[in-house]
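Quick notes on the structure that follows.
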Amino acid sequence: MSTTNADAAGTPTEIRESWVPMIAIALGQAIMSFNVASLPVSLAGMVASFGVPPTTIATGIVMYSLAVAGFVMLGSKLVQRFGSTQVFRIVVGLFAVAQVLMVVSPVVTVMLVAQLLAGLAAAVIVPALVALIAHHYSGTQQATAVGALGSARAAAGVTAFVIGGMLGTFIGWRPVFGILIVASALVFLLSFKLKPQAPRPEVKIDLVGVVLAAVAIILISFGFNNLNRWGLSVATPNAPFDLLGMSPAPAMIVIGITLLFVFVVWCRRVQARGGTPLLDLRVIASSEERAAVYALFVVVGLEAMLNFSVPLYIQIVQGRTPIETAIAMMPFNLTVFFTAMLVVRLYPKLTPRRIAQFGFGLCVLGLLWLAFVVRNDWSAVPVMFGLITFGIGQGALVTLLFNVLVTAAPRELASDVGSLRGTTQNLAAGVGTALAGALLVGLLSTGVLYRVAANPQLPPEVLSQVNLDAINFVSNDRLESIMARTTATPAQVEEAVRVNTEARLNALKIGLLIMAGAALLALIPASGLPNDRPAQPGATRPAGRREDDART
């Protein structure tokens, strides 16, 4: 823990700690982010290897995010009880085991299990990282460390797209995850450079809270992930069961959200009787902290939607290679990396509220621009401008909102802040990915059915030979092979390909417009962020201010 001394004039001066421990902490963040970013760029390779649709591969992202979001609060208490350094070292080893499973997975089920295991490990790594930063740094160094954590996340995304794109194009997708085995071993070795943290045996594990949180988040994630397959309202034949003919997916979401409210009430009750709640509610005691959580959920969800939609369109629809996907996403990922690192310089000049409002404003502009200029060429200069604009807003927001939560809470609640951040980010990532899949497929289905019904060149006797209820994002070559098994003439096949191509592009454009609307609505919670600048970056807000907010 950093301390301060007084200089000759009596002014407190901050003692600078070594940045060596931060290397291990940043790499711990990087291996998690690399894993998640590698899944979209490996989409086409996994689809070919396992013979499954792209939405099944997206389930791997959801499984990872679900595990982190559902159990990160438990991970926070494990970090407090047994010490952040010791726990961090163990779960990094578990993360490496998960990557071994990814590399050797013979079927898609093993891949999904590997992502679930990686998510369980990350559920402990996420709060451990925040606790380690608070344990090693304070003041200006702490603010810089938080920014470095955001930069590590963005840098890992860039690296995953570059390396994953090259390996996926020329060798295969499995070596991408083999890199993570080596990286995890390096993090394990560097963890011995961290200062040990004493365990706190007085911290108890609230099992009721664990069950409530996990079930709530699992229901929400599964509900969103299956909106398309099980039905938005009426149950489809793919639904495992129905509720008086209605789809179980919306019911799961409603029950999950209800259980989250029950969880908060339970935590308040445990805290009132002097126990250890699974989430210390002091981390969301003020309206400003709650606003930061809402805004963080939106911006991470938007990022997940974009990171799924673009690789889906480039690889599956356009049939391009992973390296071309990496090049197309490079402007966005590089912008997020540099913005996350440089936004700390704005803290002495602008308030968090102003930075967040500018950030969401840029997200809106970037998404609107993309919706109007996107064509079938993602490398076009206008598209790059849209990705860069969105990347500036997204990179600034993730680092800023995390810093607001860290600096607002007392140091002893660092792991609770980490668990809140992990729950919010990973639930948002899972929901965002699931919504992107459901939204794009739903819009595509509606667009295709509308165009087919109004197209005289596609007669009913031809359409009856194609399962329109199973419409998904497929390449033109795949569509031509499907149509070749029907009685369609070459002209009718060509017309079907044209209709499908237009419908896919329109689905993407409408999806981007809906995302822009969500970013615009996020200006509401952004207006509730702190409108004052702390005297020292990284300094914790005064307790009196937090207590006043809590009473309000």
Side-chain angles (χ1 to χ4, degrees), residues 12 14 130 133-134 137-151 153-154 282-300 302-303 335-336 338-366 389-411 413-414 417 420-421 424-425 428 518-552:
E14 181 183 332
V130 183
I133 286 178
Y137 305 106
S138 66
T140 305
Q141 277 195 298
Q142 185 184 95
T144 303
V146 169
L149 207 62
S151 296
R153 178 176 177 269
R282 286 178 291 171
V283 299
I284 50 172
S286 73
S287 59
E288 294 173 347
E289 289 161 319
R290 292 191 292 273
V293 173
Y294 299 146
L296 184 63
F297 185 91
V298 174
V299 73
V300 173
L302 290 174
E303 179 192 20
T335 303
V336 171
F338 286 112
T339 307
M341 183 171 54
L342 297 175
V343 71
V344 180
R345 298 178 180 270
L346 295 178
Y347 293 172
K349 302 175 183 178
L350 295 174
T351 66
R353 182 180 300 177
R354 289 290 173 262
I355 297 174
Q357 289 172 336
F358 285 134
F360 276 116
L362 287 172
C363 287
V364 173
L365 289 176
T389 303
F390 181 77
I392 293 173
Q394 199 274 338
L397 285 163
V398 170
T399 300
L400 168 76
L401 297 170
F402 182 28
N403 194 68
V404 169
L405 291 173
V406 170
T407 57
R411 180 168 298 193
L413 299 182
V417 173
L420 179 64
R421 172 211 181 206
T424 303
Q425 286 191 325
L520 185 63
L521 289 175
L523 286 169
I524 297 174
S527 299
L529 291 172
N531 201 32
D532 53 355
R533 295 187 296 272
Q536 172 179 272
T540 303
R541 290 176 62 206
R545 172 70 176 274
R546 300 183 76 257
E547 291 167 1
D548 290 343
D549 288 340
R551 285 193 293 270
T552 302

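Here the structure is a predicted model, which is why all the values come from computation and not from measurement.
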I need the Leu346 CG to Leu400 CG distance, nearest 0.5 Å. 9.5 Å
If I take atom CD from residue Gln357 and atom CG from residue Leu397, how far apart are they, to the nearest 0.5 angstrom? 11.0 Å
I want to check something: taking the side chain as every heavy atom from C-beta on, are Val299 and Phe360 in contact at a cut-off of under 4.5 Å? yes
How many angstroms lie between CD1 in Ile392 and OG1 in Thr339, if you round to the nearest 0.5 Å? 5.5 Å
Atom of Thr335, atom of Gly391 and distance for their closest heavy-atom approach: CG2-C, 3.6 Å
Of the non-hydrogen atoms in Gly393 and Cys363, which two are nearest, and what is the gap between them? C-SG, 3.9 Å
Can Glu289 and Val283 be said to form a side-chain contact (heavy atoms from CB on, under 4.5 Å), step by step? CA-CA 7 Å; Glu289 289 161 319; Val283 299; 5.5 Å; no
Hey, could you give me the CG/CZ distance between Leu302 and Phe297, rounded to the nearest 0.5 Å? 10.0 Å
Considering all heavy atoms, the nearest Pro352-Val404 contact: CB-CG2, 4.0 Å
Residues forming a side-chain hydrogen bond (donor to acceptor under 3.5 Å, both in side chains) with Glu303, sequence neighbours excluded: Arg153, Gln394
Give the minimum heavy-atom separation between Val298 and Ala522, together with the two atoms involved. CG1-CB, 3.6 Å
Provide the closest heavy-atom pair for Pro525 versus Ala291 in the form atom of the first, atom of the second, distance. O-CB, 3.2 Å
Inter-residue atom distance Leu529.CG - Arg290.CZ, 0.5 Å rounding: 12.5 Å
Interatomic distance, Tyr294 atom OH to Thr424 atom OG1 [nearest 0.5 angstrom]: 10.0 Å
